[in-house]
4 protein chains.
Amino acid sequence: MTVRTDRQADRRRQILEAAVHVFAKNGFHTSRVGDIAEEAGIAYGLVYHYFKSKEELLETIFRDTWTQMLERVREVESSSVPAREGVRQVTALLLRTWRRDPDLVRVLVREVTRSPHVQREIEEIGHAMKALEAIIRRGQEGGEFAPDVDARFAAVVWYGALDEVLTGWVLGQLPDKDGDIAEAERNIVALLVDGLAVRP
Amino acid sequence: MTVRTDRQADRRRQILEAAVHVFAKNGFHTSRVGDIAEEAGIAYGLVYHYFKSKEELLETIFRDTWTQMLERVREVESSSVPAREGVRQVTALLLRTWRRDPDLVRVLVREVTRSPHVQREIEEIGHAMKALEAIIRRGQEGGEFAPDVDARFAAVVWYGALDEVLTGWVLGQLPDKDGDIAEAERNIVALLVDGLAVRP
Amino acid sequence: MTVRTDRQADRRRQILEAAVHVFAKNGFHTSRVGDIAEEAGIAYGLVYHYFKSKEELLETIFRDTWTQMLERVREVESSSVPAREGVRQVTALLLRTWRRDPDLVRVLVREVTRSPHVQREIEEIGHAMKALEAIIRRGQEGGEFAPDVDARFAAVVWYGALDEVLTGWVLGQLPDKDGDIAEAERNIVALLVDGLAVRP
Amino acid sequence: MTVRTDRQADRRRQILEAAVHVFAKNGFHTSRVGDIAEEAGIAYGLVYHYFKSKEELLETIFRDTWTQMLERVREVESSSVPAREGVRQVTALLLRTWRRDPDLVRVLVREVTRSPHVQREIEEIGHAMKALEAIIRRGQEGGEFAPDVDARFAAVVWYGALDEVLTGWVLGQLPDKDGDIAEAERNIVALLVDGLAVRP
DNA sequence: AATGAATGAGTTTTCATTCAT
DNA sequence: TATGAATGAAAACTCATTCAT
């Protein structure tokens with residue numbers, strides 16, 4: 001039983017990985033279930049043993065990854081590091097984790113976020129936003145960040161910045177060697193925290 | 001000749017507007033060409049008189065909008081306003097499109113990466129990025145902005161911020177009354193230029 | 001009035017020639033009315049001023065050409081030349097006339113002959129067959145041709161031979177310089193009249 | 001594996017036979033894929049499981065038939081029967097296909113030049129011509145046939161004769177009872193070998 | 001579990017023909 | 001007479017999903 005369950009889990013993972021790859025390359029709507037099966041090296045009827053529908057694949061990809069990510073963001077949120085450090089840690093977390101799997105980013109960021117269907121997923125992203133917002137708000141309450149910027153907006157901007165940098169990497173528009181990632185992290189934090197203007 | 005050409009141009013516009021409306025409501029893939037024709041109040045086949053395919057409609061919407069947008073961004077870029085003011089103007093320009101034509105923004109935001117011809121769209125977006133970058137770089141050269149932030153990165157972050165705020169409005173996650181839009185503008189500029197940190 | 005009629009006739013001819021060319025190249029079903037108009041250098045609505053339908057074009061091409069041809073074959077038939085000479089004259093007539101306009105041959109021979117629709121045209125071809133048959137039969141009655149070959153069949157074979165040689169030229173499978181045409185004529189007559197076998 | 005492959009082959013054959021039947025009845029362009037599916041008693045989409053397009057059906061019918069036909073013609077060619085007997089056998093072979101499978105002949109005869117991929121069919125027919133030519137040439141070399149008729153031309157005429165007789169049957173212009181077919185065979189051979197002229 | 005044949009609704013696209021100008 | 005925009009019926013083709021083996 002355990003053995004079979006493991007095998008099942010492996011198959012599921014195998015199919016999910018293939019789906020991520022294919023969705024990333026062609027987009028959800030343009031991808032055919034057959035493409036995913038082919039990418040996974042299995043017969044395409046088998047996809048339906050493990051997932052109810054093509055849509056369920058997308059949802060699963062989203063939930064699996066996002067849940068993990070959200071947990072880790074919340075860990076930072078609930079630790080007591082200074083706000084600037086919190087911003088740095090979350091930025092690093094997202095950039096570095098996703099950097100490992102750019103295909104996943106494309107799917108999460110482009111397909112899920114913008115799919116008109118998946119209302120629930122949007123809620124989840126809302127949770128993530130709230131977590132970012134909380135970090136910023138704490139900074140404001142602790143006097144580290146200025147109170148005149150709306151925390152909610154700042155979270156959205158922050159999230160958008162991360163999203164766009166990741167997209168830039170995926171699409172090959174931004175340099176992404178190891179040093180570049182550290183540099184990106186530094187730049188994002190510098191921008192968000194210190195802004196562009198010359199400090200007097 | 002002129003009259004006829006004008007009529008044709010009107011029809012094209014009429015069809016494009018219907019397409020924007022329908023795509024905004026149902027998404028590109030879920031929209032049927034018949035819906036667009038019906039929305040435009042014309043016969044089915046006429047769509048194909050003016051556009052080669054459903055896909056060409058989407059591409060045209062992208063290209064037309066981006067071309068216009070880009071022109072106006074470049075106007076700002078080539079004017080001699082202070083950098084901060086330049087940032088404000090471009091931010092306002094993009095955000096206010098939401099108020100002017102929410103359906104258009106919906107389509108642009110949701111379907112960017114859906115087209116198999118993303119490559120060309122990416123080029124257009126790349127041009128826009130370059131324009132944003134130029135504004136920032138001029139600010140740095142003029143001593144108004146600090147030189148230690150990479151201008152290219154800053155442009156990406158800026159673009160990401162705008163995109164995400166628009167997405168927030170599209171998805172109904174952010175308030176978008178008139179005051180909210182002005183507020184968003186102010187917040188984005190404040191964040192980018194001054195940062196979160198309390199200024200001493 | 002006369003002038004206008006002439007103009008009309010010219011237009012008709014212009015359109016018919018374009019149609020022959022296009023049908024020959026793409027086949028009747030695959031050809032679009034627009035292609036014909038384009039080939040003729042006119043607006044495609046104009047085709048419908050001169051012809052009721054695409055089908056009528058085909059019928060007209062057939063009738064115009066075939067009627068002429070049939071008349072000339074009948075002239076040979078009703079002249080009193082020896083049968084062998086009759087065979088030669090008709091063979092020469094068809095090969096030489098059609099040789100000038102291979103496109104026309106393709107349309108007549110491939111499209112019309114084999115179209116399931118055009119029953120009347122098939123009848124016309126039947127008339128031509130009858131004319132060929134009459135020439136052969138007269139040869140048999142005059143003792144010049146052997147009576148043991150069915151004249152009707154011989155006519156079919158003769159027609160098929162002509163058809164296939166013309167097709168060979170159109171498709172570039174047979175050499176068709178000037179000398180080759182005379183040679184073809186000689187060969188066909190020799191075959192039909194004398195056969196392959198060595199005469200003792 | 002073998003079993004499954006056999007089943008697939010059966011389905012292919014089943015669909016091809018349905019296609020031949022439907023094309024014969026309505027012509028290629030007028031036939032709908034749905035008609036073929038219905039005739040075969042299968043679901044619409046299954047046709048596309050086995051064939052890429054409606055066109056591929058036609059091509060397959062051509063290629064399959066010609067390949068078989070060509071093989072059998074070549075058998076005659078490589079046997080050592082007298083040339084006259086060779087001519088008779090090949091003539092019989094082709095004409096009797098009509099009795100065996102009139103629908104197939106209908107499709108072959110009527111749609112040859114309809115396909116945009118005529119070129120390949122032409123090749124096959126070219127091969128057949130070459131085989132006919134070889135038989136005639138051998139007759140000439142063996143002294144049985146006169147050397148003054150061009151073998152290539154004779155092959156074209158022969159092919160044309162066969163094609164036209166079949167066309168006559170297809171169009172109902174020639175009688176095609178059992179006796180008629182034997183008679184046609186005899187007549188064609190007599191004409192080609194002995195000619196029309198009275199032998200002294 | 002695994003396969004891939006089978007299903008058929010749903011969509012895009014084409015193009016002959018009509019019609020307003 | 002000439003134009004080409006407008007119409008819409010007709011068909012090919014796709015592909016998510018089911019199902020027999």
Side-chain angles (χ1 to χ4, degrees), chain A residues 4 7-8 10-11 29-38 40-57, chain B residues 1 3-5 7-8 10-12 15 29-37 40-57, chain C residues 4 7-8 11 29-38 40-57, chain D residues 1 3-5 7-8 10-12 15 29-38 40-57:
Chain A
R4 186 172 292 156
R7 248 184 225 157
Q8 283 187 348
D10 284 356
R11 268 278 192 264
H29 273 102
T30 322
S31 303
R32 283 157 298 164
V33 174
D35 296 338
I36 297 168
E38 195 186 10
I42 58 169
Y44 70 92
L46 196 53
V47 172
Y48 286 88
H49 270 273
Y50 291 92
F51 299 92
K52 214 177 63 205
S53 68
K54 190 178 146 187
E55 187 110 342
E56 205 196 52
L57 275 171
Chain B
M1 184 67 176
V3 175
R4 188 167 293 147
T5 300
R7 247 184 227 156
Q8 277 187 235
D10 285 355
R11 267 277 190 263
R12 267 185 77 89
I15 294 170
H29 276 100
T30 325
S31 303
R32 282 156 299 160
V33 174
D35 297 339
I36 297 169
I42 58 169
Y44 200 104
L46 197 53
V47 173
Y48 287 90
H49 208 81
Y50 289 91
F51 299 92
K52 220 176 55 208
S53 65
K54 186 180 150 188
E55 186 110 338
E56 205 194 54
L57 276 170
Chain C
R4 185 171 292 157
R7 251 186 223 156
Q8 284 188 346
R11 268 279 191 263
H29 273 103
T30 322
S31 302
R32 283 157 298 162
V33 175
D35 296 338
I36 297 168
E38 193 187 11
I42 58 170
Y44 70 91
L46 196 52
V47 172
Y48 286 88
H49 269 273
Y50 291 92
F51 299 93
K52 216 178 60 205
S53 67
K54 190 179 147 187
E55 187 110 343
E56 205 196 53
L57 274 171
Chain D
M1 184 69 176
V3 175
R4 188 168 293 148
T5 300
R7 246 184 228 155
Q8 277 189 233
D10 285 356
R11 267 277 190 264
R12 267 185 78 90
I15 295 170
H29 275 100
T30 325
S31 303
R32 284 156 297 161
V33 174
D35 296 339
I36 296 168
E38 194 183 13
I42 57 169
Y44 195 103
L46 197 54
V47 173
Y48 287 89
H49 207 81
Y50 288 92
F51 298 93
K52 218 176 56 206
S53 66
K54 186 180 151 189
E55 186 112 337
E56 204 195 55
L57 276 170

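Everything quoted here is computed from the prediction, not taken from an experiment. Scope of the values below: all heavy atoms of this structure, side chains included, with no hydrogens, waters or symmetry mates. Numbers restart at 1 for each chain; the letters A, B, ... are given by sequence-line order, proteins then strands.
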Contact class for Phe51(C) (heavy atom, under 4.0 Å): base, sugar-phosphate, or nothing?
nothing

If you take all heavy atoms of Ile15(D) and Tyr50(D), which pair is closest and at what distance?
CD1-CD1, 3.8 Å

Among dC13(F), dA6(E), dA16(F), the nucleotide that comes nearest once only the side chain of Lys54(A) is considered:
dA16(F)

Under 3.5 Å for both donor-acceptor distances, Watson-Crick or wobble: does dT11(E) have a partner, and if so which one?
dA12(F)

Given DNA chain E, 5'-ward residue of the pair Lys52(C) and Tyr48(B), judged by closest heavy atom
Tyr48(B)

If you draw a 6.0 Å radius around CD in Glu38(A), do more than 12 non-hydrogen atoms from other residues or ligands fall strictly inside?
no

Closest non-hydrogen atom pair, Leu57(C) against Ile36(C)
CD1-CD1, 3.9 Å

Counting any heavy atom closer than 4.0 Å, what does Tyr50(B) reach on the DNA or RNA strands: base, sugar-phosphate only, or nothing?
sugar-phosphate

According to the Watson-Crick and G-U wobble definitions, with both distances under 3.5 Å, which nucleotide is paired to dA5(E)?
dT18(F)

Which atom pair, heavy atoms only, marks the closest approach of Phe51(B) to Arg12(B)?
CE2-NH2, 3.5 Å

Using the side-chain heavy atoms of His49(B), tell me which of these nucleotides is nearest: dA5(F), dT3(F), dA5(E).
dA5(F)

Judged by nearest nucleotide, the residue sitting upstream toward the 5' end of DNA chain F, Arg32(A) or Gly41(B), is Gly41(B)

